[in-house]
Amino acid sequence: RKEFVDLYVNYVLNKSVQKPFEDFKKGFLRGCPARKWMMFLPVELQGVLQGHTTYDWNLLQKNVKYEQYGMLDQTIRNFWTVFHELPEEKKKMFIAFLTGCDRIPVYRLEPFSFTIVDPKKPNPDKFYPSANTCSHVLFLPR
């Protein structure tokens, strides 16, 4: 009975998935060569591939840069008041809007930051906020 169970478990967990796993591994290693990833510990590799999964929203606020705005401008104070009242999932959606991904990259040497810019629209009430995901810039009309 033990031999049967061992053979069955081996078949289900190893033999039956061997071909699909080999195909997956081949494709994965094409895009992510193993030799380059061997320098990472598993936890570090997970961080590189996944990014941060927990956030310090106050640190994010502290690291923001402003152009044509000051930290004490009413628009900026309103923005942060609303932002901090959002549930965690909506804050992640904002990060996705700003960067194209809902996670902050873990490999950045400096703390993550973005820039809030006044787009200088003649009638700002007719414009929605927009973002440049490559540069991490939020265009926030007054």
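This chain uses plain numbering: 1 for the first residue, then up along the sequence. Basis for what follows: all heavy atoms, side chains included, without hydrogens, waters or symmetry-related copies.
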If we only count heavy atoms from C-beta on, is the [X] to [Y] side-chain gap below 4.5 Å?
X	Y	result
Thr133	Phe97	no
Asn10	Lys15	yes
Lys65	Ser113	yes

Main chain of [Y], side chain of [X]: is a donor-acceptor contact present, judged purely on distance under 3.5 Å?
X	Y	value
Ser135	Val137	no
Tyr128	Leu140	no
Asn63	Leu59	yes

On a heavy-atom basis, the closest approach of Ile76 and Met71 is CG2-O, 3.7 Å
With sequence neighbours left out, the residues meeting side chain to side chain donor-acceptor pair (under 3.5 Å) with Gln74 are Arg77, Asn78
Measuring from atom [atom1] of [X] to atom [atom2] of [Y], what distance do you get when rounded to the nearest 0.5 angstrom?
X	Y	atom1	atom2	result
Ile116	Glu67	CD1	CD	11.0 Å
Asn132	Phe139	CG	CZ	5.5 Å
Lys25	Gln18	NZ	CD	10.0 Å

**Message:** Can you list everything that forms a salt bridge (charged side-chain N to carboxylate O under 4.0 Å, His left out) with Asp73? Sequence neighbours excluded, please.
**Reply:**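 With sequence neighbours excluded, Asp73 shows a salt bridge (charged side-chain N to carboxylate O under 4.0 Å, His left out) to Arg142, given in chain and number order.
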For this session: Show the numbers, then the answer: is there a ring-ring contact (aromatic ring centres under 6.0 Å, His included) between Tyr66 and Phe114?
Result: CA-CA 9 Å; Tyr66 302 98; Phe114 66 96; 8.3 Å; no
**Prompt:** Who are the ring-ring contact (aromatic ring centres under 6.0 Å, His included) partners of Tyr11, not counting sequence neighbours?
**Reply:**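 Not a single residue meets the ring-ring contact (aromatic ring centres under 6.0 Å, His included) criterion with Tyr11.
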